[in-house]
Structure formats: C-alpha cells, structure tokens
*Asks:* 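Sending over a structure as structure tokens; questions will come in a sec.
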Amino acid sequence: AIASRRTLRIVDDYSAWLATTQHLPKLYLHAEPGFFAPINDAHSSTWPNVTRHCVKDLHFCQEDDADTIGQHIARFVDDVHKSGGVP
C-alpha cells in the first residue's frame, strides 16, 4: 500500500509538472474505450502544448492499433523536428 501511494504521488507530481511545461511538446494518445482513459484524459487536458489523438483499445492499445499509434508518433516527431525541436 505504501508503494502504491508513492507511485500515485509520483504520477500526480509528474502530471502537475507537465502542466507547467509550455516549451515541451507532448503527445497524448487517448485509448478508447480504455480502462484508464478517463483518468489520463483528465490529467492530460491540463497540459499546454499537447497534441492529442484517439486510438482503438480493445485490450492492449499498442497491439490493437499499432499502425495508427506508429503513424501518430512519427508525425509528432516530424512536426517537433520541423518546428525547431525542443528548446
């Protein structure tokens, strides 16, 4: 239980930090329906400079929608590179 609380604190702290990072481009892939989707969506909606896409999630989204995920990642990396990268 203590490890779980520590993990939750780390995740909450990291999410709070991401909300302060306008300079840092972020990619959020929303898994639908996704077990954790509502929680993750709520956290990521507070982040500035975030690119959001929805992917299919029947069991494991990286297996269910691998091609789409790869395309979103490749496009995101290309867009960041074209914009001059991360300061």
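The basis for the numbers below is simple: all heavy atoms, side chains too, and nothing from hydrogens, waters or symmetry mates.
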*Asks:* Out of curiosity, L18 CG to D13 CG, how far, rounded to the nearest 0.5 Å?
*Replies:*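 If we round to the nearest 0.5 Å, L18:CG and D13:CG are 11.0 Å apart.
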*Asks:* If every non-hydrogen atom of T46 is compared with every non-hydrogen atom of A19, which pair is closest and at what distance?
*Replies:* O-CB, 3.7 Å
*Asks:* Nearest 0.5 Å please: distance from the CD1 atom of I69 over to the NZ atom of K56.
*Replies:*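 Answer for the CD1-NZ pair, I69 versus K56, is 10.5 Å.
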*Asks:* How long is the straight-line distance from CH2 of W47 back to CZ of R52, given to the nearest 0.5 Å?
*Replies:* 8.5 Å
*Asks:* In the single-linkage hydrophobic clustering (I, L, V, M, F, W, Y; side-chain heavy atoms under 4.5 Å), do V11 and L24 co-cluster?
*Replies:* no
*Asks:* Please lay out, stage by stage, how L27 and V50 fare under the test side chain to side chain contact (heavy atoms under 4.5 Å, CB included).
*Replies:* CA-CA 6 Å; L27 174 64; V50 63; over 6 Å; no
*Asks:* Do K26 and T21 get their side chains close enough for a donor-acceptor pair, meaning under 3.5 Å?
*Replies:* yes
*Asks:* Return yes if a side-chain donor-acceptor contact under 3.5 Å exists between S15 and D12, otherwise no.
*Replies:*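 There is no such pair between these side chains.
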*Asks:* Are there over 12 heavy-atom neighbours, none belonging to D78, within less than 6.0 Å of that residue's CG?
*Replies:*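 Atom CG in D78 is crowded, with more than 12 foreign heavy atoms closer than 6.0 Å.
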*Asks:* Write down the atom of H72, the atom of C54, and the distance for their closest heavy-atom approach.
*Replies:*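 That would be NE2-O, 4.3 Å.
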*Asks:* Mind listing the closest non-hydrogen atom pair of P48 and Q22 along with its distance?
*Replies:* CB-OE1, 2.9 Å
*Asks:* Answer yes or no: is there a side-chain heavy-atom contact under 4.5 Å between H53 and T51?
*Replies:* yes
*Asks:* Parallel, tilted or perpendicular for Y28 and H30, by the 30°/60° rule?
*Replies:* tilted
